[in-house]
Protein chains: 2
Amino acid sequence: MIECGHGCNHCSDQLCLHKVPIFNALDESDLEKIASIIIHREYKKGETIIMEGEKSESVVIMHEGSSKAYKYTPEGREQILYVFSEGDFFGETNLLRNQLATFSVEALQPVKTCMIMKSQFQSLIQQYPIMGIKIIEDLGDRMVRLENALQSMGVRNVDARISGLLLDFANKYGSNDKKGTVVHLPLSREGMANYLGIARETVSRKLGQLENDGIIQTLNNKSILIKDDESLKVIAGELY
Amino acid sequence: MIECGHGCNHCSDQLCLHKVPIFNALDESDLEKIASIIIHREYKKGETIIMEGEKSESVVIMHEGSSKAYKYTPEGREQILYVFSEGDFFGETNLLRNQLATFSVEALQPVKTCMIMKSQFQSLIQQYPIMGIKIIEDLGDRMVRLENALQSMGVRNVDARISGLLLDFANKYGSNDKKGTVVHLPLSREGMANYLGIARETVSRKLGQLENDGIIQTLNNKSILIKDDESLKVIAGELY
DNA sequence: CGGACCATTGATAATTGTCAAAATTCGTGG
DNA sequence: CCACGAATTTTGACAATTATCAATGGTCCG
């Protein structure tokens with residue numbers, strides 16, 4: 001068991017809570033209370049954590065691993081909305097009304113989650129109004145990201161979007177190296193395509209182009225090396 | 001002055017508050033307190049209500065008229081994120097941190113707004129935790145709409161997106177008629193194009209096509225008649 | 001009535017999607 | 001550790017769609 005550094009007897013719970021920014025405002029004794037109402041779950045790669053249309057009665061916190069949130073069209077086309085990783089959470093929308101999940105979430109790797117029932121989450125907020133504000137903050141951040149994503153889809157060309165995605169992944173899943181940044185991609189080519197709203201063949205071609213231009217190098221299907229960060233930012237429209 | 005039906009002396013304020021669902025949970029005496037901290041503003045068509053990048057220190061409630069929220073790329077391409085109308089509000093994201101506005105808002109018609117300073121909004125939430133939950137609900141709804149919009153951009157073809165937009169507008173701004181639904185468009189062709197992330201010429205062409213097919217009829221630049229609701233829904237992918 | 005603004009139409013070019021086939025990678029079990 | 005089969009990715013050829021540019025036509029308002 002991993003040492004949590006608090007000498008408590010709820011280490012695994014505490015670890016989970018400490019990873020989530022919305023609980024930062026609370027002190028240890030409050031956290032211990034919350035820890036006791038947490039339910040732990042594990043999922044294998046490819047397993048479904050929640051399913052669009054199902055009743056969603058809990059808030060789920062990512063404790064380990066990463067997952068994708070997506071929707072299907074009736075014709076079977078998948079649109080990925082988010083890639084969640086450690087510390088992210090979902091299910092907090094529609095906290096009062098027990099509505100149906102608006103997207104599905106699937107484990108991209110082995111995943112551990114912590115769950116809190118919505119009913120209990122609500123009383124937490126009544127008890128600690130500051131947590132309500134924290135959640136509003138967090139939702140606000142998510143909205144801003146979503147708004148940016150929408151703008152991206154609307155006005156940026158495909159090259160810019162792919163480059164931007166690589167840079168995002170580099171921030172979240174990259175490690176520096178003397179040759180550049182090694183990025184472990186959480187999504188397959190098809191996943192990236194479904195995230196960007198383009199065909200998977202187009203992803204292949206565009207990545208191939210970036211490789212020809214010496215900007216990136218594919219190490220294997222799951223990782224690439226960013227050799228020329230600057231150029232990538234220029235293509236992404238983040239630098240001039 | 002319009003009669004508000006409460007025999008109070010803050011009618012115009014009360015009207016404003018009564019239009020906003022998040023205040024539904026409060027009783028009259030609470031509402032009166034809130035009414036006293038509201039600031040009223042009016043804008044002409046084309047005026048900017050908030051500007052992306054400016055400090056955003058208040059929550060703005062639409063009281064009359066409609067407005068568009070949009071972002072510009074450095075190259076000057078506009079992406080419209082929302083069309084706000086009566087009862088909608090914005091600026092509630094980033095309630096704690098006084099961050100910069102992430103989008104601009106411009107009046108599409110003469111607009112009246114009610115503003116509450118963020119600092120005061122925060123203490124409202126501390127005082128009425130239920131309001132925090134209401135806002136979380138509202139943000140959740142907005143997120144769902146945004147997620148749907150993102151999916152739309154990603155996987156639906158242009159015909160489906162235009163048809164879907166017309167149906168949305170019909171819901172919000174349409175009135176039934178024996179010949180069909182007359183829709184008063186809040187956006188120009190260019191506006192619709194910037195909302196859907198396509199060229200304005202494409203909007204013209206697609207609307208022309210719908211007219212040729214007898215599904216709609218353009219009455220003038222600002223209003224259309226939906227003659228065949230069913231077909232429109234089929235094209236939008238909402239019906240089979 | 002005139003002028004500014006907005007919308008439509010046409011021709012063409014650029015981009016991306018689609019389908020099919022080949023190549024590569026990955027995981028498993030021997 | 002290697003080899004095999006399945007899954008994924010890449011590549012090529014072609015078709016479809018939409019953007020762009022330019023010119024024309026229409027509408028609204030003073």
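Remember, it's a predicted structure, so these values are computed and weren't measured experimentally. Lettering of chains follows the sequences in order, A, B, ..., and the numbering in each one begins at 1. Computed over heavy atoms, backbone and side chain alike; hydrogens, waters and symmetry mates excluded.
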Enquirer: I need the CD-P distance between E75(A) and dG17(C), as an integer number of Å.
Expert: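 Rounded to the whole Å, the gap is 16 Å.
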Enquirer: What is the separation between atom CG on N157(B) and atom C1' on dT17(D), rounded to the nearest whole Å?
Expert: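 Taking CG of N157(B) and C1' of dT17(D), I get 10 Å after rounding.
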Enquirer: Given 3.5 Å as the limit, does a donor-acceptor pair link the side chain of N171(B) with the main chain of D168(B), or not?
Expert: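 Answer holds: no.
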Enquirer: Is it true that a side-chain atom of R77(A) and a backbone atom of G197(A) form a donor plus acceptor pair closer than 3.5 Å?
Expert: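 Side chain of R77(A) to backbone of G197(A), a donor-acceptor pair under 3.5 Å: no, none is there.
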Enquirer: Any N or O donor-acceptor pair under 3.5 Å from the base of dG12(D) to the side chain of R205(A)?
Expert: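 Such a pair is found, so the answer is yes.
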Enquirer: Mind listing the closest non-hydrogen atom pair of E52(B) and Y70(B) along with its distance?
Expert: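 Reported closest heavy-atom pair: OE1-O, 4.3 Å.
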Enquirer: Between the protein and nucleotides 7-9 of chain D, which nitrogen or oxygen pairs are less than 3.5 angstrom apart?
Expert:
| from | atom 1 | to | atom 2 | distance (Å) |
| --- | --- | --- | --- | --- |
| dT9(D) | OP1 | R189(A) | N | 3.1 |

Enquirer: Rounding to a whole Å, what distance do you find between L196(A):CG and dG17(C):P?
Expert: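 That distance rounds to 10 Å.
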Enquirer: Starting at CD1 of I198(A) and ending at C1' of dT17(D), how long is that distance when rounded to a whole Å?
Expert: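 From I198(A) CD1 to dT17(D) C1': 16 Å.
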Enquirer: Does Q79(A) use its side chain to pair, donor to acceptor, with the backbone of Y195(A) at less than 3.5 Å?
Expert: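 Present.
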Enquirer: For a side-chain contact (heavy atoms from CB on, under 4.5 Å) with F90(A), tell me which candidate from T102(A), L81(A), V60(A), V59(A) qualifies.
Expert: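 For F90(A), the side-chain contact (heavy atoms from CB on, under 4.5 Å) check succeeds only for V60(A).
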Enquirer: By the 4.0 Å heavy-atom rule, please label K45(A) as base, sugar-phosphate, or nothing.
Expert: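 It contacts nothing in the nucleic acid.
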Enquirer: Take atom CG of L219(A) and atom P of dT25(C), then tell me their distance rounded to the nearest Å.
Expert: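 From L219(A) CG to dT25(C) P: 11 Å.
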Enquirer: N220(B) near the nucleic acid: base, sugar-phosphate alone, or nothing, with a heavy-atom cut-off under 4.0 Å?
Expert: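 Sugar-phosphate: the residue N220(B), judged by heavy atoms under 4.0 Å, touches backbone atoms but no base.
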Enquirer: Looking at R142(A) and M143(B), what are the two nearest heavy atoms and their distance?
Expert: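 Looking at all heavy atoms of both residues, the closest pair is NH2-CE, 3.4 Å.
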Enquirer: What is the separation between atom CZ on R161(B) and atom C1' on dT18(D), rounded to the nearest whole Å?
Expert: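 So the two atoms are 11 Å apart, to the nearest Å.
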Enquirer: Using distance alone, with no hydrogens and no angle criterion, decide if S163(A) and K206(A) have a side-chain donor and acceptor under 3.5 Å apart.
Expert: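 Result is no, nothing qualifies.
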Enquirer: Figure out the CZ/P separation between R156(B) and dG17(C), and round it to whole Å.
Expert: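 My rounded result for the distance is 18 Å.
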Enquirer: Between atom CD in E211(B) and atom P in dA7(C), what is the gap in whole Å?
Expert: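 The answer, rounded to whole Å, is 14 Å.
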Enquirer: When you match V158(A) and E201(A) each to their closest nucleotide on DNA chain C, which lands nearer the 5' end?
Expert: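 It is V158(A), whose closest nucleotide lies nearer the 5' terminus.
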